Amino acid sequence: MRYTRAISWVKAARREFEKFPAEAQTTILAALTIAAEGGKVDIAKPFRGVDGGVWEIALKHRGDAYRTIYAVQLGPDLIVIDAFQKKSKSGIKTPQVDVDRIRDRIKRLKESL
């Protein structure tokens, strides 16, 4: 029997995630479930710019790019920190405003744990 961690959401991340197309939500939820079971899918990679233990699911769907950021080292749960549709004009790099928001949410999560 596999051990599966609970998946917790920052409320704002959940609200944004629910705006994603249904197919994108299904794909990302499947990837989060695999991560909660201790695995990793091809569309997940370490998120650069923050301390270790933070991962990014990067999904291209019908010409749009969707990102979901989650942490595996902030407590017993897998915590979804952010979800957004990427609109960067600078290639694959995540816009600084999104990186700053993610850092702020991680800081607040660490303080509350």
Side-chain angles (χ1 to χ4, degrees):
M1 183 172 171
R2 278 189 175 171
Y3 169 72
T4 302
R5 297 168 71 175
I7 299 173
S8 297
W9 294 75
V10 169
K11 287 181 185 180
R14 185 63 184 216
R15 281 193 304 270
E16 288 302 311
F17 178 77
E18 290 172 350
K19 295 177 186 176
F20 290 7
E23 294 167 349
Q25 287 184 33
T26 299
T27 301
I28 291 170
L29 285 173
L32 288 170
T33 300
I34 291 169
E37 294 173 344
K40 179 190 157 310
V41 294
D42 291 343
I43 60 173
K45 62 183 180 183
F47 185 73
R48 303 204 190 292
V50 297
D51 294 337
V54 178
W55 291 77
E56 170 183 32
I57 296 172
L59 177 67
K60 291 182 183 178
H61 177 73
R62 296 186 179 190
D64 292 318
Y66 297 92
R67 301 291 186 262
T68 303
I69 311 299
Y70 65 95
V72 295
Q73 296 180 352
L74 288 180
D77 295 355
L78 181 148
I79 303 173
V80 179
I81 299 166
D82 202 3
F84 56 95
Q85 181 178 353
K86 187 170 168 292
K87 298 179 182 182
S88 173
K89 307 271 192 269
S90 60
I92 64 170
K93 186 174 181 182
T94 302
Q96 190 61 43
V97 66
D98 294 324
V99 173
D100 292 343
R101 183 179 58 246
I102 292 162
R103 283 184 182 149
D104 182 57
R105 288 182 181 174
I106 290 170
K107 180 181 174 187
R108 284 187 279 145
L109 281 168
K110 285 180 178 178
E111 290 170 356
S112 71
L113 294 176

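Predicted, not measured: the structure shown is a model, and the values here were computed from it.
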Q: Quick check: closest heavy atoms across Ala13 and Val80, and the distance to 0.1 Å?
A: CB-O, 4.0 Å
Q: Is there a chain of hydrophobic side chains (I, L, V, M, F, W, Y, each step under 4.5 Å between heavy atoms) that links Phe47 to Tyr66?
A: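 No.
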Q: Against Ile106, only a single residue in Val10, Val54, Ile79 fulfils side chain to side chain contact (heavy atoms under 4.5 Å, CB included); can you say which?
A: Val54
Q: Would you say Leu109 ends up clustered with Val50 if hydrophobic residues are merged whenever their side chains have heavy atoms under 4.5 Å apart, either directly or through other cluster members?
A: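 Val50 clusters together with Leu109.
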Q: For the hydrophobic clusters of this structure (ILVMFWY residues joined by side-chain heavy atoms under 4.5 Å, transitively), does one cluster hold both Leu78 and Val41?
A: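 Yes.
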Q: Show, in sequence, the C-alpha distance, side-chain angles and deciding distance for Trp55 and Ile57, and conclude whether the side-chain contact (heavy atoms from CB on, under 4.5 Å) test is met.
A: CA-CA 7 Å; Trp55 291 77; Ile57 296 172; over 6 Å; no
Q: Under 3.5 Å, is there a donor-acceptor pair between the side chain of Gln85 and the main chain of Phe20?
A: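 Here the side-chain-to-backbone pair does not exist.
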Q: I'd like to know if the side chain of Arg5 reaches the main chain of Asp77, judged simply by a donor and an acceptor atom lying under 3.5 Å from each other, with no hydrogens or angles considered.
A: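 Such a contact is found between Arg5 side chain and Asp77 backbone.
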Q: If two hydrophobic side chains count as joined below 4.5 Å and joins carry through other members, does Phe84 share a cluster with Val99?
A: yes
Q: Enter the distance from Leu59:CG to Gln25:CD here, rounded to the nearest 0.5 Å.
A: 11.0 Å
Q: Heavy-atom distance under 4.5 Å between the side chains of Pro21 and Arg62, does that happen here?
A: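 SC-SC contact between Pro21 and Arg62 ruled out.
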Q: Does the distance from a Lys or Arg side-chain N to an Asp or Glu carboxylate O, for Glu16 and Lys19, drop under 4.0 Å?
A: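 Yes, Glu16 and Lys19 are salt-bridged.
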Q: A side-chain contact here means heavy atoms from C-beta on lying under 4.5 Å apart; do Trp9 and Leu32 qualify?
A: yes
Q: If the test is salt bridge (Lys or Arg N to Asp or Glu O under 4.0 Å), which one of Lys40, Arg48, Arg67 qualifies with Glu56?
A: Arg67
Q: Can you see which heavy atom on Tyr70 is nearest to which on Ala35, and at what distance?
A: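 Taking every non-hydrogen atom into account, OH-CB, 3.5 Å.
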Q: For the side chain of Arg105 and the backbone of Ile81, is there at least one donor-acceptor N/O pair under 3.5 Å apart?
A: yes
Q: Do Ile34 and Phe17 belong to the same hydrophobic cluster, where Ile, Leu, Val, Met, Phe, Trp and Tyr are linked whenever their side-chain heavy atoms lie under 4.5 Å apart, directly or via other members?
A: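 Yes; Phe17 is reachable from Ile34 via cluster members.
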Q: Is a salt bridge present between Arg101 and Asp98, judged by a nitrogen-to-oxygen distance below 4.0 Å?
A: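 Salt bridge present between Arg101 and Asp98.
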Q: Got a second to check how far Ile7's CD1 is from Arg14's CZ, nearest 0.5 Å?
A: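 Output value for this atom pair is 9.0 Å.
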